[in-house]
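Working notes, beginning with the structure itself.
Everything numeric here is computed off the predicted structure, so don't read it as measured data. Every chain is numbered from 1 and lettered A, B, ... according to where its sequence line falls, protein lines coming before strand lines. These values consider heavy atoms only, across backbone and side chains, with no hydrogens, waters or symmetry-generated copies.
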Amino acid sequence: MTVFAIVDCNNFYVSCERVFNPSLNGKPVIVLSNNDGCAVARSNEVKKLGISMGAPIFKQKALIEKHGIHVFSSNYALYGDMSRRVVHVLSEFCDDLEVYSIDESFLDISSTRADQRTELGRTIRATVKKHTGIPVSVGMAHTKTLSKIAVRLAKKSPKADGVLDLTDSKHHDKALELTPVEDVWAVGWRYARFLKVHGITNARQLRDADKNFIKKKMGVNGTRLIEELKGVPCYPLDKNPSPKKNITVSRSFGKPVSTLSELREAVATYSTRAAEKLRNEHLTAGLITVFIMTDRFKPESFYYNTRTLRLDVSTSNSPEIIRAALTGLEEIFRKDCLYKKAGLHLSELSPDSMVQTVMFDSIDRERSAQLMASLDKINAVMGKDTLTYASAGLKGSRPWQVMFNHRSNAWTTRWDQLPIVT
DNA sequence: TCTGGGGTCCTAGGACCC
DNA sequence: TCTGGGGTCCTAGGACCC
């Protein structure tokens, strides 16, 4: 029988900040979303104060001051790099590894002897800490869902001390009882509300609930969830994630904008980023959807619109994507609106080796591919945005640009921001 | 629910076909 | 134009994840 281990980084973004600023250890720390909007990572000290995940930060001002909470803007360059380092360490323990998210990986540890599993967990924990500075927790079980329950308890229980083996079903009743239903993987707040109304408040009750009743509300995923809680695996380890099906680039603006020219700059900038993502994945897009919206917390004046355009030939060429996006933008732009956010989705993605060209194609695809490759290379070597498109506007004169008022340094990915040992 | 961004999967319903 | 069953494809919307 398969045994999954999930390795989960504790308070990941906060831990990354602490690696490069150890004086933050033991202190309350929050990391914010883009535009410094809401809390996306909290240290244990902050969790105890009752600030929840996703809490809008402007509502927490008083608490922040009272407790001297250290607040950081998110620094994805740093977190992405630290994440790669953690995965690198894990890959030395296990070839069968699925990188599930920026701070979680599943390992197939079926070949480890039962009486050595906890020891393996401890070794993984110590090694990741030693090589990266990041504290992790480990949960083990016969299904992914149960391993998530195990890792949650591993963090909470002082006795477990960060590692919990939940393969033995004799511990299941107790563990599932200790897990509120809203903390079960695949149960969001809407399903949680529904389940509680029907008297299901913990994972044990969910496991023992009537399958058809759950299926009616939650569909096949509900059925799978119950099976997984019973120890029957429905989700295998996915070592090679299938290629992306959509690419989205969107941002809330640092300040609301009202003019078409500012929106054009923003949309051109996002288009450039989206095209880079495509090329990184060796994909091309056949469909592009552009959208703009005003402040969604002001329903009286809310405006949202999208336009979808089909590209004649599936492409990852920046200028073509910019052109299509701007065409769509002009169709949905409305005067007298204060826009808060814009973005684009790319879909109908296919490998760039399989592009179907049309007869009488006006673009020299080979040449433009070479141009894009050179551009990506220059930006990779000289720094992001060394070469950009004029339509994206000039750096420094973009009022719409995202605000990061509390950003730490990109300690590991930028030469000018390396930590200095004194 | 809740003031970010980037994803995935599932389902219901409509259009259209034979 | 309606009557019937059965199927596919597409899209929008809803739910979830981190």
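Between atom CD1 of residue A/Ile149 and atom CZ of residue A/Arg152 there is a gap of 8.5 Å, rounded to the nearest 0.5 Å. From A/Ile332, atom CD1 reaches atom CD1 of A/Ile292 across 4.0 Å, with rounding to the nearest 0.5 Å.
Stacking of A/Arg296 on the aromatic ring of A/Phe302 is not recorded, the 6.0 Å distance cut-off and the 45° axial limit not both being met.
Salt-bridge check for A/Lys341 with A/Asp295: failed, with every basic side-chain N at 4.0 Å or more from each acidic carboxylate O. Using a 4.0 Å cut-off between charged nitrogen and carboxylate oxygen, A/Arg18 and A/Glu45 count as a salt-bridge pair. Between A/Glu330 and A/Arg264 there is a salt bridge, since a side-chain N of the basic residue sits under 4.0 Å from a carboxylate O of the acidic one. Using a cut-off of 4.0 Å between Lys/Arg side-chain N and Asp/Glu carboxylate O, A/Arg224 and A/Glu227 are scored as not salt-bridged.
Among the atoms of the strands shown, base atoms are found under 4.0 Å from some heavy atom of A/Lys59. Across all strands, A/Asp295 comes closer than 4.0 Å to no nucleic acid atom at all (heavy-atom distances). Across all strands shown, A/Tyr270 has no heavy atoms under 4.0 Å from either base or sugar-phosphate atoms. Residue contacts for A/Arg273: at a heavy-atom cut-off of 4.0 Å it reaches no nucleic acid atom on any strand shown. Contact annotation for A/Ile247: backbone-only contact, meaning every heavy-atom pair under 4.0 Å involves sugar-phosphate atoms and none involves a base.
Comparing A/Arg224 and A/Arg296 along DNA chain B, the residue whose closest nucleotide (by nearest heavy atom) sits nearer the 5' end is A/Arg296. Both A/Phe58 and A/Asn246 sit near DNA chain B, but only A/Phe58 has its closest nucleotide nearer the 5' end.
Within residues 184-220 of chain A, the residues that have a heavy atom under 4.0 Å from DNA chain C are, in order of number, A/Val184, A/Trp185, A/Ala186, A/Val187, A/Gly188, A/Trp189, A/Arg190, A/Tyr191.
Spacing of P atoms, B/dT1 relative to C/dA15, comes out at 14 Å, to the nearest Å.
With a heavy-atom cut-off of 4.0 Å to chain A, the contacted part of DNA chain B has its first and last nucleotide at B/dT1 to B/dT11.
For B/dC18, the paired base is C/dG5 (Watson-Crick or G-U wobble, both distances below 3.5 Å).
Counting heavy atoms from C-beta outward, A/Phe213 and A/His198 have side chains that approach closer than 4.5 Å.
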Q: Applying ring pair (Phe, Tyr, Trp, His ring centres under 6.0 Å), run through A/Tyr100 and A/Trp185 and close with a yes or a no.
A: CA-CA 13 Å; A/Tyr100 176 69; A/Trp185 201 31; 5.6 Å; yes
